Amino acid sequence: MSKDKLRIAVFGSSEVKPNQPDYENAIKLGAALGSQGWQVLTGGYYGVMEAVSKGVQSMNGTSIGITLSSFDPKPPNIYLSVNHHESDLFTRMRRLVYESDAIVVLCGGLGTLAEFSIAWVLKQVGLLSKNYPIILLGNSFEKIAYTATQSLYVKTSDVELLTFAQRIEEVISLLQVFEEHQISIRPVPVTVGIAAYNAESYIEESVTSAFEQTRQATEVVVVNDGSTDNTLEILKNLQKKYDTLKVISQNHTGTPGALNYLISLCGTDYLLGLDADDALEEKALESLYTTASAYPTAAIIYSDYTFIEREGNKIRSIRNPEPDNLVERLLLVHQRISVDNEDNFLPYGHARLYRVDCLREIGGYATDILYADDYDLVLRVAERWSFAHVPEFLYRYRWHTSNKSVVFRELQVEDVKESVRRHKWRMSMLKKA
């Protein structure tokens with residue numbers, strides 16, 4: 001795997017003014033970070049954030065802002081390459097930390113203290129790698145950290161989780177060593193989501209495939225949808241092996257309801273849906289997310305896939321079409337399944353990586369479309385956004401006697417018809433608007 005360039009989050013006060021020494025120092029830090037080809041994340045506003053972004057821009061680097069709608073309305077600073085807007089402070093903080101490989105803390109007030117303290121706690125409890133650098137530049141917060149060992153229940157070993165530097169050259173040197181040794185391989189901002197109902201035969205293979213990837217997901221979440229077999233016991237055993245596996249149990253609601261719960265739980269930008277009886281190829285996350293980064297406006301990134309039988313042996317491989325005439329292709333599927341009763345080949349699956357904000361904007365899955373839920377969702381997304389195709393076989397789709405299209409064929413046909421009826425109604429309303 002090729003080595004990624006680092007992404008560095010910089011925390012600092014918004015109150016620092018141009019021409020003040022701290023502002024000029026922040027410009028120099030930004031320029032030094034940008035000269036290394038590292039991307040820099042800040043809170044996106046003024047003071048230190050603006051100065052750092054200005055320095056990055058001076059080196060033709062990438063400066064990413066994460067702004068916040070709950071603040072008084074104000075524009076981001078003019079030196080950002082990219083700006084992402086979050087609705088609440090905690091989501092903003094999570095994004096700054098989990099999308100970066102290291103943090104550099106400059107002078108600041110309560111906001112900066114809160115930000116670096118949260119990252120410090122995450123590192124202390126193991127939710128950030130012990131190798132994740134939190135570098136405090138200057139003296140202010142170093143004094144606070146050591147004072148905490150005298151007046152709070154803070155151990156010297158806790159303070160040792162922080163790194164202190166007096167000069168920008170020290171910061172760059174520390175980060176260069178960190179990069180050279182590839183201490184951090186950043187997880188991709190993807191949630192692998194699995195809705196499981198009585199999936200004891202295949203759930204272990206499915207979950208294992210989500211972890212045995214060339215790039216790791218930020219989180220793997222399984223919603224146990226009221227299983228009555230051994231699914232939950234198998235998942236509990238898997239948690240002993242994969243300590244980051246999240247398992248949430250609920251009463252049985254059906255697949256669309258369980259998938260909507262997954263969407264609500266998502267703490268990342270993308271959701272990779274994985275059926276509990278299917279499996280991912282080891283490059284699935286890496287390839288899908290690389291394409292998502294190249295096509296940031298695409299709401300669905302999909303790949304080619306392989307049919308496998310119950311025991312996992314290959315039956316045949318399917319090449320998906322390129323993402324042109326999205327809706328027309330989906331309506332052709334409607335004709336084939338509802339009129340000619342041919343197969344229910346969905347032209348944009350399997351292995352679909354969804355932009356979570358798009359799924360939330362359309363309300364997720366229709367909970368009354370139980371047997372063509374994927375078809376209905378993909379059609380509704382295709383009405384509004386573009387797709388991107390990865391021409392690689394990244395998903396193993398298991399064919400067995402319990403597939404929906406085998407057991408509930410007639411109901412699936414009716415759900416496809418209903419989905420298309422709703423599509424036509426939406427299009428007619430759009431014309432009237």
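Bear in mind that the values here come from a model prediction, so they are computed numbers and not experimental data.
- Counting all heavy atoms, side chain and backbone alike, Tyr354 lies closest to Asp374 at OH-OD1, 4.4 Å.
- Relative ring orientation between Tyr302 and Phe387 is described as perpendicular, the plane-to-plane angle rising above 60° on a 0-90° scale split at 30° and 60°.
- A salt bridge links Arg95 with Asp269; the closest basic N to acidic carboxylate O contact falls under 4.0 Å.
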- Task: Take Glu179 and Lys5 through the test salt bridge (charged side-chain N to carboxylate O under 4.0 Å, His left out) and record every step on the way to the result.
- Result: CA-CA 8 Å; Glu179 185 179 46; Lys5 299 301 290 183; 3.5 Å; yes
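- By the 30° and 60° cut-offs, the orientation of the rings of Phe307 relative to Tyr397 is perpendicular.
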- Glu86/Thr91 under side-chain hydrogen bond (donor to acceptor under 3.5 Å, both in side chains): CA gap, chis, key distance, verdict: CA-CA 7 Å; Glu86 295 297 345; Thr91 304; 5.0 Å; no
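- The two atoms that bring Gly193 and Leu271 nearest to each other are N-CD1, 3.8 Å, heavy atoms only.
- Side-chain N or O atoms of Asp229 include one that pairs as donor or acceptor with a backbone N or O of Thr231 at under 3.5 Å.
- Smallest separation of non-hydrogen atoms from Phe164 and Glu170: O-OE1, 4.4 Å.
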- Check the pair His389, Asp304 against side-chain hydrogen bond (donor to acceptor under 3.5 Å, both in side chains), reporting the backbone distance first and the verdict last. CA-CA 8 Å; His389 177 220; Asp304 303 330; 2.8 Å; yes
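- What you find for Leu128 and Ala119 is that their closest heavy atoms are CD1-O, 3.7 Å.
- At least one donor-acceptor pair under 3.5 Å links the side chain of Gln213 to the backbone N or O of Leu285.
- For Ile362 against Arg380, the heavy-atom pair with the smallest separation is O-NH1, 3.1 Å.
- Within 6.0 Å of CG on Asn19 lie no more than 12 heavy atoms contributed by other residues, nucleotides or ligands.
- Heavy-atom neighbours of Tyr295 OH from other residues, nucleotides or ligands within 6.0 Å: at or below the threshold of 12.
- Within the structure, the ring pair (Phe, Tyr, Trp, His ring centres under 6.0 Å) test picks out no pair touching residues 5-29 (sequence neighbours left out).
- Across all non-hydrogen atoms, the minimal contact from Lys130 to Leu161 is CD-CD2, 4.1 Å.
- A donor-acceptor pair is defined here as one N or O able to donate and one able to accept, closer than 3.5 Å; no such pair exists between the side chain of Ser303 and the backbone of Phe393.
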- Message: Run Asp225 and Gln250 through side-chain hydrogen bond (donor to acceptor under 3.5 Å, both in side chains) and show every step you take.
- Response: CA-CA 5 Å; Asp225 189 37; Gln250 64 173 21; 2.8 Å; yes
- For the pair Asp415 and Asp376, evaluate side-chain contact (heavy atoms from CB on, under 4.5 Å) and give the outcome as yes or no after the intermediate values. CA-CA 8 Å; Asp415 272 358; Asp376 179 75; over 6 Å; no
- Quick one: do Trp38 and Ile172 satisfy side-chain contact (heavy atoms from CB on, under 4.5 Å)? Show the steps, please. CA-CA 11 Å; Trp38 299 330; Ile172 299 304; 4.0 Å; yes
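- Tyr395 meets the side chain to side chain donor-acceptor pair (under 3.5 Å) test with Asp278; sequence neighbours excluded.
- In this structure Tyr202 satisfies the ring-ring contact (aromatic ring centres under 6.0 Å, His included) test together with His400, sequence neighbours excluded.
- With Glu219 as reference, Thr191 is the one residue of Thr191, Thr268, Thr244 to meet the side chain to side chain donor-acceptor pair (under 3.5 Å) rule.
- Aromatic ring pairs are classed by plane angle as parallel below 30°, tilted from 30° to 60° and perpendicular above 60°; the pair Tyr289 and Tyr270 is perpendicular.
- Checking Tyr132 against Ser100 by side-chain atom types alone, a donor-acceptor pair falls below 3.5 Å.
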